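What you see is a predicted model, and the numbers here were worked out from it, not measured in a lab.
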Amino acid sequence: MKKIIALFAVLVVAVMVFVACGGNGDTPTTTPNGTTAASTTTQASTTSTTKTTQTTQTTTATTQATTTQKPFVPVDVPDAYVDVNFANGAAKDAKGNATFQVIGTPVVGKTSVTFNGVTKEIDALKISEAGSFIVGTLTKFDTAEKMDAFLAAGVSIEALYINKTTANIAGIVCMTESNRGWGLADQTNHKPYFITGSGAGYNAAYATAAGAEGELVHVVATYNPTAKVHAIYVNGEDCSDLTNSKYPGSNISGVVATNTTSKDGIAMFNTFAMGADLSPSTSKAGDFLATDLVLVDAKIYASALTADEAKSAYLEAIAAFNSDAKEEKLVLDLDFSAVTDGKIADKSGSGNNATIKGNATVEGGKVVFAADGDGLTIADNDTLDFTAKDSFTIKITFQASETTLSKSWPCLISKGSGNNGWWGVWMNGSKQFVWGGDLKAPNTNTPFVAGDTAEHTVTVVQDGTAGTLKIYCDGTLAIEAAAINYASDREINIGGGTYSGANLLNQQWYGSVSLLQIYNYAVEVK
């Protein structure tokens with residue numbers, strides 16, 4: 001239910017970019033068995049022209065219907081049997097039902113892609129040369145008969161990808177369709193299709209539309225053995241064209257009824273490829289060799305998803321892509337009640353423990369800096385770096401001494417320096433406490449309260465989505481500005497710490513700190 005509620009947040013935007021699946025007969029120039037389909041293509045062009053005219057004639061009616069049509073209500077999508085994640089340089093099934101073998105030189109890593117108008121870097125499978133792909137094995141099926149039983153309730157493939165080449169058909173997720181299997185592939189015109197059967201009699205659903213140019217496309221392909229029908233959904237919309245099936249509507253029971261193996265000994269009945277198609281007559285790969293493919297997500301379902309489930313899966317994909325893909329949590333919370341082996345523990349569980357510098361002491365629930373060199377350091381960590389698109393909250397409760405008030409630019413807390421990315425709190429030459437930070441110079445120092453020896457709490461809240469930065473002093477909003485970059489490859493220093501080249505701590509702060517917390521999201525200040 002939480003997932004359904006979350007989908008409403010992307011529904012309005014998603015509806016505006018759904019692919020319009022019109023026409024009937026946008027088939028490839030070559031049929032699945034390799035014969036030229038000239039007559040089919042000619043007929044398809046005529047049909048497509050006729051439908052265009054009909055669409056023009058009914059524009060008014062369509063517009064009126066749209067204004068009164070009820071909004072789509074997302075439904076729960078069944079759990080996938082296989083859910084492939086690409087991370088840390090490898091493919092892994094989140095469900096534990098498949099293992100993977102790397103063939104050639106595919107790369108798993110961060111790549112910049114655009115989906116539904118949003119561009120970001122995300123882990124994905126990247127294939128840039130023919131013969132590079134990944135083979136998955138469904139480990140729970142050790143005979144073809146068990147595989148047949150699995151398919152008895154139907155099967156669906158979900159994929160989020162971009163195939164950039166127009167030179168050849170690319171296999172997206174293929175399960176030996178040359179050996180009475182099934183597979184999702186992308187044509188040279190980037191209109192995907194889903195095939196079951198063999199060369200003796202294909203059954204197929206061809207999409208009548210492609211995704212947006214230069215963007216990832218979301219595809220769900222299904223086979224329902226009860227209804228004896230295939231379907232293919234592009235970005236949530238049914239784009240199925242069945243006219244190119246040799247035996248449309250026929251059943252495909254016994255789809256993998258043999259225990260065939262390839263020349264390399266790979267069992268064909270329980271394997272599938274991402275970036276190619278497998279063949280028992282060749283060495284691992286048969287055809288559909290991808291040459292310029294980015295695959296972000298791949299799933300296999302043990303059922304034929306309905307139209308509503310396919311559209312909901314598309315909305316879920318948008319929501320997942322748009323999310324930070326990280327848990328919102330407290331990433332730093334120092335425990336000022338004790339020192340163990342020269343360290344102050346991080347209660348958040350993120351491991352961002354602080355190391356005592358100089359003669360700093362912990363007493364009465366606070367750390368005290370009374371002499372030059374006193375301070376704390378926290379090692380650099382990705383959880384402590386933030387770009388302008390990130391949300392975060394830094395909260396620190398501190399007190400300055402009279403000695404601090406007599407100094408010029410003492411530093412309470414800082415991470416990095418002007419040329420390396422930085423953020424921090426200082427007292428400026430006008431005796432004002434200031435927040436400063438940016439990815440690079442010039443400085444963006446922002447005074448938020450006059451300096452004194454009273455205890456204060458400063459809370460810095462950046463909302464990367466809204467693009468705002470808000471600074472609160474003792475719970476009162478003092479400054480509101482635009483979000484900026486705070487990424488840095490340096491450690492955090494508390495009690496001093498402005499960097500000048502490779503120098504050690506300077507600009508000593510005299511006083512105390514009793515609270516230091518950092519969240520990786522924007523906390524509401526009340």
Side-chain angles (χ1 to χ4, degrees), residues 324 326-340 343-357 360-369 375-387 390-400 411-416 421-426 433-437 446 448-449 454-465 468-480 483-484 486-488 490-497 509 511-526:
D324 265 341
K326 66 182 180 182
E327 179 186 359
E328 290 188 347
K329 63 180 182 180
L330 185 65
V331 296
L332 173 64
D333 186 9
L334 292 187
D335 182 359
F336 291 113
S337 64
V339 177
T340 304
K343 294 184 181 297
I344 297 175
D346 172 18
K347 296 186 292 183
S348 76
S350 300
N352 292 315
N353 303 316
T355 300
I356 295 283
K357 298 280 287 186
T361 59
V362 172
E363 52 189 75
K366 61 182 66 175
V367 61
V368 177
F369 315 118
L376 304 175
T377 60
I378 301 172
D380 178 45
N381 187 295
D382 287 345
T383 63
L384 307 174
D385 291 330
F386 309 103
T387 71
D390 292 321
S391 297
F392 67 85
T393 302
I394 299 172
K395 185 176 183 179
I396 184 169
T397 300
F398 65 93
Q399 194 167 9
C411 180
L412 172 65
I413 181 172
S414 70
K415 188 177 192 300
W422 60 288
W423 56 259
V425 174
W426 287 260
F433 295 137
V434 303
W435 165 265
T446 306
F448 58 84
V449 69
E455 185 175 74
H456 295 287
T457 297
V458 58
T459 307
V460 181
V461 183
Q462 177 165 294
D463 187 329
T465 302
T468 60
L469 176 74
K470 297 180 180 180
I471 303 171
Y472 299 83
C473 185
D474 300 328
T476 300
L477 180 63
I479 300 293
E480 184 168 1
I484 57 177
Y486 295 104
S488 167
R490 304 297 184 93
E491 69 267 23
I492 291 178
N493 291 292
I494 304 131
W509 182 278
S512 64
V513 173
S514 58
L515 176 74
L516 177 56
Q517 296 177 329
I518 299 179
Y519 301 77
N520 66 358
Y521 64 97
V523 173
E524 182 180 0
V525 179
K526 297 181 180 180

**Request:** First locate atom CG of Leu516, then atom NZ of Lys395, and finally report the distance between them rounded to the nearest 0.5 Å.
**Result:** 11.5 Å

**Message:** Please report the interatomic distance CG(Leu332) to CG(Asn520), rounded to the nearest 0.5 Å.
**Reply:** 11.5 Å

**Request:** Carefully, step by step, assess Cys411 and Trp426 under the rule side-chain contact (heavy atoms from CB on, under 4.5 Å).
**Result:** CA-CA 4 Å; Cys411 180; Trp426 287 260; 3.3 Å; yes

**Request:** Flag the pair Lys343 / Ile356 as yes when at least one side-chain heavy-atom distance between them is below 4.5 Å, and no otherwise.
**Result:** no

**Message:** Keeping Asp463 on the side-chain end and Thr468 on the backbone end, is there a donor-acceptor pair under 3.5 Å?
**Reply:** no

**Message:** What verdict does the side chain to side chain donor-acceptor pair (under 3.5 Å) test give for Asn352 and Ser350, after you've listed the backbone C-alpha separation in whole Å, the side-chain angles of each residue and the deciding distance to 0.1 Å?
**Reply:** CA-CA 6 Å; Asn352 292 315; Ser350 300; 4.6 Å; no

**Asked** Are Glu455 and Lys366 close enough that some pair of their side-chain heavy atoms sits under 4.5 Å apart?
**Response** yes

**Prompt:** How long is the span from the OG atom in Ser514 to the CG atom in Leu334, to the nearest 0.5 Å?
**Reply:** 11.0 Å

**Message:** side-chain contact (heavy atoms from CB on, under 4.5 Å), that's the test. Do Trp423 and Val460 meet it? Break it down for me.
**Reply:** CA-CA 11 Å; Trp423 56 259; Val460 181; over 6 Å; no

**Request:** Could you check Thr397, Ile413, Val368, Leu412 and say which one makes a side-chain contact (heavy atoms from CB on, under 4.5 Å) with Val513?
**Result:** Leu412

**Asked** With a 3.5 Å cut-off and no angle check, do the side chains of Ser337 and Asp335 form a donor-acceptor pair?
**Response** yes

**Request:** Return yes if some donor-acceptor pair links the side-chain N/O of Ser391 with the main-chain N/O of Gly464 below 3.5 Å, else return no.
**Result:** yes

**Message:** So, taking the atom named SG in Cys473 and the one named CH2 in Trp435, what distance separates them when rounded to the nearest 0.5 Å?
**Reply:** 13.5 Å

**CA sep, side-chain torsions, deciding dist, call: Thr355, Ile344, side-chain contact (heavy atoms from CB on, under 4.5 Å)** = CA-CA 6 Å; Thr355 300; Ile344 297 175; over 6 Å; no

**Fill in**
By ring-ring contact (aromatic ring centres under 6.0 Å, His included), Tyr519 pairs with (sequence neighbours left out) Tyr521

**Request:** Check for a donor-acceptor pair, side chain of Thr393 on one end and backbone N or O of Val523 on the other, with a separation under 3.5 Å.
**Result:** yes

**Request:** Could you tell me the separation between the CZ atom of Phe398 and the CG atom of Leu515, rounded to the nearest 0.5 Å?
**Result:** 11.5 Å

**Request:** Kindly indicate whether the side chain of Leu384, heavy atoms from C-beta on, has any atom under 4.5 Å from the side chain of Ile378.
**Result:** yes

**Asked** Does some side-chain heavy atom of Val461 sit less than 4.5 Å from a side-chain heavy atom of Leu469?
**Response** no

**Asked** Do Thr459 and Ile394 come within less than 4.5 Å of each other through their side chains, counting heavy atoms only?
**Response** no

**Prompt:** If only atom types and distance count, is the side chain of Lys415 paired as donor or acceptor with the main-chain N or O of Arg490 below 3.5 Å?
**Reply:** yes

**Message:** Between Thr361 and Val367, is the side-chain contact (heavy atoms from CB on, under 4.5 Å) condition met? List the steps.
**Reply:** CA-CA 6 Å; Thr361 59; Val367 61; over 6 Å; no

**Item:** Reported CZ-to-CH2 distance for the pair Phe369 and Trp509, which is rounded to 0.5 angstrom
**Value:** 10.0 Å

**Request:** Look at the side chain of Asp346 and the backbone N and O of Asp333, then say whether any donor-acceptor pair between them is shorter than 3.5 Å.
**Result:** yes

